[in-house]
Amino acid sequence: MPVLAEIVETKELLQTVVFAFVAGVGVTVIFSVGIWGVARFVDLSQEERPAAAGAAAAVAGLALLAVLAAMVIGIVVMTGK
Amino acid sequence: MTSDVILVIVIGAALAFDFTNGFHDTANVVATSISTGAARPQVAIAAASLLNFAGAFISISVAATVANDVVDAAAITPTIVFAGLIGAIAWNLVTWYFGLPSSSSHALIGGVVGSAVAADGFHVVLAEGLVGKVLIPAIIAPLLAFVAAGISIGIAYRVIGKQRPGIVSRGFKYGQVLSGGMLALAHGTNDAQKTMGIITLALIANGSLGAGADPPFWVIASSAAAIAAGTYSGGWRIIKTTGTRIIKMDAAQGFTSQGAGAAVILASTHFGFPLSTTHVINGGVMGAGAAKRLSAVRWGVAGNIVVAWVLTLPAAAIIGAGTYGVTSIFGSGAVGPVLVTVAALAAILAAFIRRAQRGAPVTVQSG
């Protein structure tokens, strides 16, 4: 397969696969953690456990910030080329 | 003067193609958000239109690939580009008429390759670009979206599985505002650039731009406006496509499929790979559906996408080659392109009237 290997831009294709996979899976997982944090915050607040509720809210906030940051970074990288 | 007339026809046809691309793809971009109840149709379509417009400005890598890496720009004339566009538009019209799910992007590249081969022979095709930047990514990208969406939704269900369904559903619906926005942005940046690339190729062929030139700003702006206008006007009739026809999905699946699709399209666009955004979006939807339950996916629709994928490049190439043959009968002047344009407009009008009489097909189309 040397001819095909020469034609296909293996490095760029591999980078595309890695970036897309990491971004696609990573953002969803982090966002899910954020929703988990929100749900736990609601439950723990109703159970009157403020410290644990605060921790859950912090997890949710950090996760949602991370998702927003990933989106902004993605756009900046796109426009920078 | 003659070549300027042909150039104007080519630019008009390219922008019309861009408009129809946006028109057909509205459903692919917004159907997931609408079907899960994350956004009202009016809002989703207006936002998608704006983000398609914005997306067209964030990169020119794909435009450079289409203009410089698929066929030898030095051997191309505006008439060849014109014949290629007609090949793409004709194939899109045929597939739309019969309700086949096809890719506008593949049709466009197939049409141009076919007309270039008819004019100058196979040596004008840049195999490295065609195979390495179009065909291989076209196979990998939908599979990548499928796998990424499938793995994402599997992990997401594990993370949020024991939480209250109401909060989880609301959360993912809010998330779909972001993921749907990114998908619209990604769609605009990859699909509008194909038109930019074709117009740039025609400008290079006409001598208006130097070889290897980037698209001028007016080309970027007009391509962005055409796809945004198409997206805005395309919503209502074909809205029942991706989100409901392939699987019935929940908000988490909607978020996951949109996120995976956007990530694949944006990463590919960054490296200059012109993709079928339709195939990528549908790959994400099927992945999110299959991970939950294999039988949730309507595999017949998936099969139609594969069949249309295989047919589109060669079919558009044959029509593009035939169009170049017909055009060249009338010499190298503007008479051939003008006559073909009139005939094409008449065919499009007749197809619309006939389709309207029979009722429009509801299908996944274009991209």
Side-chain angles (χ1 to χ4, degrees), chain A residues 1 3-47 56-57 59-61 63-81, chain B residues 55 57-61 127-133 135-137 140-141 144-145 147-149 151-153 155-164 166-168 170-172 174-175 178-179 181-182 185-186 189 252 255-256 259-273 284:
Chain A
M1 300 290 283
V3 176
L4 191 62
E6 284 170 20
I7 288 175
V8 178
E9 299 187 18
T10 315
K11 188 185 167 194
E12 294 192 342
L13 208 53
L14 197 63
Q15 283 179 321
T16 303
V17 170
V18 171
F19 289 163
F21 188 80
V22 169
V25 176
V27 167
T28 302
V29 171
I30 294 170
F31 191 79
S32 302
V33 170
I35 291 179
W36 175 87
V38 172
R40 292 302 297 148
F41 168 75
V42 173
D43 286 344
L44 292 166
S45 297
Q46 288 174 348
E47 292 167 15
V59 168
L64 297 177
L65 275 177
V67 168
L68 288 174
M71 290 170 62
V72 171
I73 290 168
I75 294 170
V76 169
V77 169
M78 292 285 300
T79 53
K81 190 171 182 181
Chain B
F57 288 89
I58 65 176
S59 171
I60 55 167
S61 300
E128 193 176 323
L130 183 62
V131 176
K133 288 200 162 183
L135 295 180
I136 302 287
I140 290 176
L144 181 59
V147 172
I151 291 174
S152 298
I153 194 69
I155 299 173
Y157 280 149
R158 282 187 180 277
V159 172
I160 47 91
K162 291 177 182 171
Q163 306 308 315
R164 294 186 198 186
I167 292 175
V168 168
R170 268 201 307 280
F172 276 111
Y174 285 125
L178 297 176
S179 61
M182 287 300 280
L185 196 77
T189 190
F255 178 87
T256 302
V264 171
I265 296 169
L266 286 173
S268 303
T269 304
H270 184 63
F271 291 107
F273 299 134

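Keep in mind it's a predicted model, so treat the numbers as computed, not measured. First the proteins, then the strands, lettered A, B, ... as listed; each starts at 1.
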Enquirer: Can you name the nearest heavy-atom pair linking B:Ile160 to A:Trp36, along with the distance?
Expert: CG2-N, 4.0 Å

Enquirer: Measure the spacing between OG1 of A:Thr28 and CD1 of B:Ile153 and express it to the nearest 0.5 Å.
Expert: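 Rounded to the nearest 0.5 Å, the OG1-CD1 separation comes out at 7.5 Å.
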
Enquirer: First locate atom CD of B:Gln163, then atom CZ of A:Arg40, and finally report the distance between them rounded to the nearest 0.5 Å.
Expert: 5.5 Å

Enquirer: B:Ser152 and A:Val25: which non-hydrogen atoms are nearest, and at how many Å?
Expert: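 B:Ser152 and A:Val25 have their closest heavy atoms at OG-CA, 3.2 Å.
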
Enquirer: If you count heavy-atom pairs under 4.5 Å between each of A:Ala39, A:Gly34, A:Gly26 and chain B, which one has the most?
Expert: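 Sorted descending by pairs with chain B, the first entry is A:Ala39.
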
Enquirer: Please state whether the side chain, the backbone, both or neither of A:Leu64 comes within less than 4.5 Å of a heavy atom of chain B.
Expert: neither

Enquirer: Between A:Val22, A:Val42, A:Val18, A:Val27, who has the most heavy-atom pairs with chain B when the cutoff is under 4.5 Å?
Expert: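 The candidate making the most pairs under 4.5 Å is A:Val42.
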
Enquirer: Of the non-hydrogen atoms in B:His270 and A:Val77, which two are nearest, and what is the gap between them?
Expert: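 That would be CE1-O, 3.4 Å.
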
Enquirer: With side-chain contact (heavy atoms from CB on, under 4.5 Å) as the criterion, how do A:Phe21 and B:Ile151 come out once you've worked through the C-alpha distance, each side chain's angles and the decisive distance to 0.1 Å?
Expert: CA-CA 10 Å; A:Phe21 188 80; B:Ile151 291 174; 3.6 Å; yes

Enquirer: Specify which of B:Leu135, B:Val168, B:Val264, B:Leu178 makes the most heavy-atom pairs with chain A at under 4.5 Å.
Expert: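 Top count of heavy-atom pairs under 4.5 Å with chain A: B:Leu178.
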
Enquirer: Over 60° means perpendicular and under 30° means parallel, so tell me whether A:Phe31 and B:Phe172 are parallel, tilted or perpendicular.
Expert: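 Taking B:Phe172 first and then A:Phe31, their aromatic rings sit tilted (interplane angle of 30° to 60°).
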
Enquirer: So for B:Leu185, is it side chain, backbone, both, or neither that comes closer than 4.5 Å to the heavy atoms of chain A?
Expert: side chain

Enquirer: Taking all heavy atoms of A:Thr16 and all of B:Ser268, pick out the closest pair and write down the distance.
Expert: CG2-OG, 3.4 Å

Enquirer: Could you state the interatomic distance from CE (A:Met78) to CZ (B:Phe57), rounded to the nearest 0.5 Å?
Expert: 14.5 Å

Enquirer: Report which part of B:Leu144 has an atom under 4.5 Å of a heavy atom belonging to chain A: side chain, backbone, both, or neither.
Expert: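 Answer is side chain: those atoms of B:Leu144 sit under 4.5 Å from chain A.
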
Enquirer: Just verifying a value: how many Å separate A:Leu13 CG and B:Phe273 CZ, rounded to the nearest 0.5 Å?
Expert: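 So the gap between those two atoms works out to 5.0 Å.
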
Enquirer: Only pairs of heavy atoms separated by less than 4.5 Å count here; which of B:Arg164, B:Lys162, B:Arg170 has the most with chain A?
Expert: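 Between B:Arg164, B:Lys162, B:Arg170, the count favours B:Arg164.
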
